[in-house]
Amino acid sequence: MNSPILERIAFPADLKSLTPSERKALAEELRAFIIDSVSRTGGHLASNLGVVELTVALHTVFDTPADRIVWDVGHQTYAHKILTGRRERMHTLRQTDGLSGFPKREESSYDAFVAGHSSTSISAALGMAMAARLKGEDRRVVAVIGDGAMTAGMAFEALNNAGATDANLLVILNDNEMSISPNVGALNNYLTRLLSGRFYNAVRRSGERLLANLPPLHELARRAEEHVKGMVTPGTLFEEFGFNYLGPIDGHDLDVLIETLENIRALKGPQFLHVVTQKGKGYRPAEANPCLYHGVGKFEPAAGVSARTGARATYTEVFGTWLNDMAAMDERLIGITPAMCEGSGLVEFSKRHPKRYFDVGIAEQHALTFAAGLACEGYKPVVAIYSTFLQRAYDQLIHDIALQKLPVMLAIDRAGLVGADGPTHAGAFDLSYLRCIPNMLIAAPSDENECRRLLTTAFLHDGPGAVRYPRGTGPGAIIEPGLDPLPVGKGIIRRQGQKLALLAFGSLVAPALSAAEALDATAADMRFVKPLDTALIRELASTHRYLVTLEENVVMGGAGSAVAEVLAEQGLVRPILHLGLPDRFVEHGDHALLLTRCGLDAAGIERAVRATWAELFS
């Protein structure tokens, strides 16, 4: 791409010598570069196009990396990566051994904090600001948080704490859900620049000191200021938290952004800047449908992104179809999602059953306790949630659902490795953290048809149940019509062999079957992690000399550990090999390649077994 100004920017310090017109041209070059880059690698597009000017302004005004910028969620950092020395590596974004799609401290000193989950930025930034205060360092800390992330309670906990301190912290609310309304124009931009200026704030502080000894006049002045600011800004809430609220301003006006940020940089104490941006800015298809262009695969920029047209249904689509079918059968079914309607497969359900559909925002803790309340009143809630996001509501699952044995069903998507999204989004731990909870039913389907039937099983269960399934497609099993459940706690033998038995859970049944052919082994599809099929385990242990457990979950505390516990309880001592995800965070990359690297493809399973028990094959 021909980007004459962008090619001159190696690091943020290079931005400071640009003229205002050059910065505006740079923003357009950045936008074109991001569109071209993401079209080649896939990734998050709309959110990144929306923060181009804000990114340029931040790195122009602040002295990064000495000053810290903490990006919330992190799927809005592509322009940040490009401007901080990683432009030449953007072609490796989200690829195996390439750049991460999120901020990553090991990747660059400019990445102040890892952020794959939302609503963490204010807490982390406050910690950094207070650390600077404790060390006597003069630095500024900025948290950039989206309006969606402000729905999480953690963000408000952090605001409440920060507002009670004198930390030099700037929170920028990137508001991209509302259009640029009339008050975000010349008058409001002027007022924000005025209110953020040194003269106004010096007069304000002097007036507060002068009136402090005259309480009635001080209160009158405070109310007058709130009244004037309230006529042009929606910031009363943030002022009550103890922040100096400024905005909203046009997040695509570089001149206004830079002047406002320069003024704020000179201020002391907690500051809150409300910036209005447009998702997908500068690319018409993304402007028209920012949801479709939130996360995309490779595409042709001129043609845009097409809806997925695959011959095989993904597990997410299997769940979406099942949800609609079950909702038609049982009016007690309620569908709940913490801001993942599209990703979790609830779009059609939300259209067919709008009164029984609840998107609670990025509020996983609330989602589970809300479901618990519905269950108390006779409803059958189904919470569609990613494995990695369920981690954020662990206390609610234990205390509010399992303790009361409430019939709340968890449809856990993205179980196991998730490919390009990497360790922040990997569902590597759910079998370990779920199976230790009393009253839980935990199912792991091996194919699409089994997924549909196990969803019914968990829904009909009188108590909390979870069905965990991976991202993408399965082995391509024919999906039978109907809503027939499977027997609770019963696995099946898929292949009969000699001496060696492979006990596989969920997504690893398919590679286990392939490995079993090469090893002449028995292969069992365990189906349930809790309750385990203890009778099947006893049978396999009694008729085979060697046992192998397989799961796309960390080995420690997972399904294999559960099998070992059963064997110990039964006094059945057998050589056993546990295969699963390693005791480390698995980086992003192609999903199949990552499984191979973890030794969880068919060849890796065969190799591990032969290396462990060479005498079996001599």
| query | For G116 and F102, which heavy atoms make the closest approach, and how far apart are they? | reply | CA-CD2, 4.1 Å

| said: Let's go through H75 and H294 carefully: what are the C-alpha distance in whole Å and the side-chain angles of both, what is the deciding distance for ring pair (Phe, Tyr, Trp, His ring centres under 6.0 Å) to 0.1 Å, and is it a yes or a no? | reply: CA-CA 9 Å; H75 61 224; H294 172 72; 4.7 Å; yes

| request: Check step by step if salt bridge (Lys or Arg N to Asp or Glu O under 4.0 Å) holds for E107 and K81. | output: CA-CA 10 Å; E107 188 176 288; K81 286 176 180 280; 2.6 Å; yes

| What distance separates L99 CG from R89 CZ, expressed to the nearest 0.5 Å? | 4.5 Å

| field | Note, L30 side chain near L83 side chain (heavy atom, < 4.5 Å) | value | yes

| Listed by chain and number, what are the salt bridge (charged side-chain N to carboxylate O under 4.0 Å, His left out) partners of D63, not counting sequence neighbours? | K16, R265

| query | If you measure from OG on S507 to CG on L417, what distance do you get to the nearest 0.5 Å? | reply | 8.5 Å

| remark: Here the pair of heavy atoms bringing S119 nearest to A149 is OG-O, 2.7 Å

| query | Are N168 and K268 close enough that some pair of their side-chain heavy atoms sits under 4.5 Å apart? | reply | yes

| query | Could you walk me through whether R31 and E28 pass the salt bridge (Lys or Arg N to Asp or Glu O under 4.0 Å) check? | reply | CA-CA 5 Å; R31 213 166 248 120; E28 293 309 310; 3.5 Å; yes

| message | Does F299 form a side-chain contact (heavy atoms from CB on, under 4.5 Å) with V296? I'd like the steps, not just the answer. | response | CA-CA 8 Å; F299 68 98; V296 298; 3.8 Å; yes

| message | Show the nearest heavy-atom pair for residues G304 and Y283, with the distance to one decimal. | response | CA-OH, 3.6 Å

| Under 3.5 Å, is there a donor-acceptor pair between the side chain of E7 and the main chain of P4? | no

| query | Does S108 use its side chain to pair, donor to acceptor, with the backbone of Y110 at less than 3.5 Å? | reply | yes

| query | Is any side-chain heavy atom of D72 less than 4.5 Å from a side-chain heavy atom of N174? | reply | no

| task | Check the pair R468, D413 against salt bridge (Lys or Arg N to Asp or Glu O under 4.0 Å), reporting the backbone distance first and the verdict last. | result | CA-CA 6 Å; R468 59 105 69 173; D413 205 330; over 6 Å; no

| Passes side chain to side chain donor-acceptor pair (under 3.5 Å), S432 versus N553? Steps please. | CA-CA 8 Å; S432 300; N553 184 84; 3.1 Å; yes

| remark: Closest non-hydrogen contact found for A167 with L126 is CB-CD1, 3.8 Å

| request: Using a 4.5 Å cut-off on heavy atoms from C-beta on, say whether the side chain of I385 contacts that of E364. | output: yes

| request: Step by step, work out the side-chain contact (heavy atoms from CB on, under 4.5 Å) result for I249 and T260. | output: CA-CA 9 Å; I249 62 172; T260 302; 4.1 Å; yes

| said: Just so I know, are the side chains of I145 and I122 near enough to count as touching, which here means a heavy-atom distance under 4.5 Å? | reply: yes

| query | Between R68 and P65, is there a donor-acceptor pair closer than 3.5 Å when you use the side chain of the first and the backbone of the second? | reply | yes

| request: Working to the nearest 0.5 Å, report the span between CG of L273 and OH of Y245. | output: 8.5 Å

| said: Show the nearest heavy-atom pair for residues V554 and P582, with the distance to one decimal. | reply: CG1-O, 4.1 Å

| said: Applying side-chain contact (heavy atoms from CB on, under 4.5 Å), can you list everything that pairs with S387, at least two apart in sequence or on another chain? | reply: I412, D430, Y433

| request: For the pair T596 (side chain) and D601 (backbone), establish whether a donor and an acceptor sit closer than 3.5 Å, ignoring hydrogens and angles. | output: no

| request: Report the distance from atom CZ of R392 to atom CD1 of I362, rounding to the nearest 0.5 Å. | output: 8.0 Å

| said: Tell me every residue that passes side-chain hydrogen bond (donor to acceptor under 3.5 Å, both in side chains) with R471, counting only those two or more places apart in sequence or in another chain. | reply: D421

| query | Checking salt bridge (Lys or Arg N to Asp or Glu O under 4.0 Å) for the pair E587/K104: CA distance, chi angles, key distance, verdict? | reply | CA-CA 11 Å; E587 295 299 333; K104 187 176 181 181; 2.9 Å; yes

| Sole candidate of I82, L18, T84 that passes side chain to side chain contact (heavy atoms under 4.5 Å, CB included) when paired with I9 | L18

| Does the pair E22/R8 count as a salt bridge with the N-to-O cut at 4.0 Å? | yes

| Can you check whether L49's main-chain N or O pairs, donor with acceptor, with Y78's side chain at less than 3.5 Å? | no

| salt bridge (charged side-chain N to carboxylate O under 4.0 Å, His left out): pairs with one or both residues in residues 118-128, sequence neighbours excluded | none

| query | Short question: side chain of E317, backbone of G345 - any donor-acceptor pair under 3.5 Å? | reply | no

| note | Hits for salt bridge (charged side-chain N to carboxylate O under 4.0 Å, His left out) against R597, two or more places apart or cross-chain, chain-then-number order -> D97

| Test side-chain contact (heavy atoms from CB on, under 4.5 Å) applied to I336 and D359, step by step | CA-CA 6 Å; I336 300 170; D359 182 343; over 6 Å; no

| said: Between D67 (side chain only) and V141 (backbone N and O only), is there a donor and an acceptor less than 3.5 Å apart? | reply: no

| said: Quick check: do K298 and R40 have side-chain heavy atoms less than 4.5 Å from each other? | reply: no

| Contact check, side chains of Q271 and L169, non-hydrogen atoms, under 4.5 Å | no

| task | State, to 0.1 Å, how close Y293 and V305 come at their nearest heavy-atom pair, and which atoms those are. | result | OH-N, 2.8 Å

| query | Does the T92 side chain pair with the main chain of Q95, one donor and one acceptor, at a distance under 3.5 Å? | reply | no

| query | Going through the distances and angles, do F238 and F272 end up as a ring pair (Phe, Tyr, Trp, His ring centres under 6.0 Å)? | reply | CA-CA 7 Å; F238 302 107; F272 193 101; 3.9 Å; yes

| task | Check side-chain hydrogen bond (donor to acceptor under 3.5 Å, both in side chains) between R133 and all other residues, then give those that pass, not counting sequence neighbours. | result | D166

| field | Whether H59 and H80 hold their rings parallel, tilted or perpendicular, with breakpoints at 30° and 60° | value | parallel

| message | Could you check whether any side-chain N or O of E29 sits under 3.5 Å from a backbone N or O of L6, counting only pairs where one atom can act as donor and the other as acceptor? | response | yes

| query | Without hydrogens or angle criteria, can the side chains of Q76 and N48 be said to hold a donor-acceptor pair below 3.5 Å? | reply | no

| Does L257 reach the side chain of T60, with side-chain heavy atoms less than 4.5 Å apart? | no

| said: Checking side-chain polar atoms at under 3.5 Å, does H117 have a donor or acceptor matched by the opposite partner on T388? | reply: yes

| Is the shortest distance from a Lys or Arg side-chain nitrogen in R94 or D590 to a carboxylate oxygen in the other one below 4.0 Å? | no

| said: Please determine whether the number of non-hydrogen atoms from other residues, nucleotides or ligands lying under 6.0 Å from atom CD of E137 exceeds 12. | reply: yes

| message | Working note: H588 + H425, criterion side chain to side chain donor-acceptor pair (under 3.5 Å); need CA distance, chi angles, decisive distance, verdict. | response | CA-CA 9 Å; H588 62 278; H425 283 59; over 6 Å; no

| request: State whether the side chain of D36 and the backbone N or O of F33 hold a donor-acceptor pair below 3.5 Å, judged by distance alone. | output: no

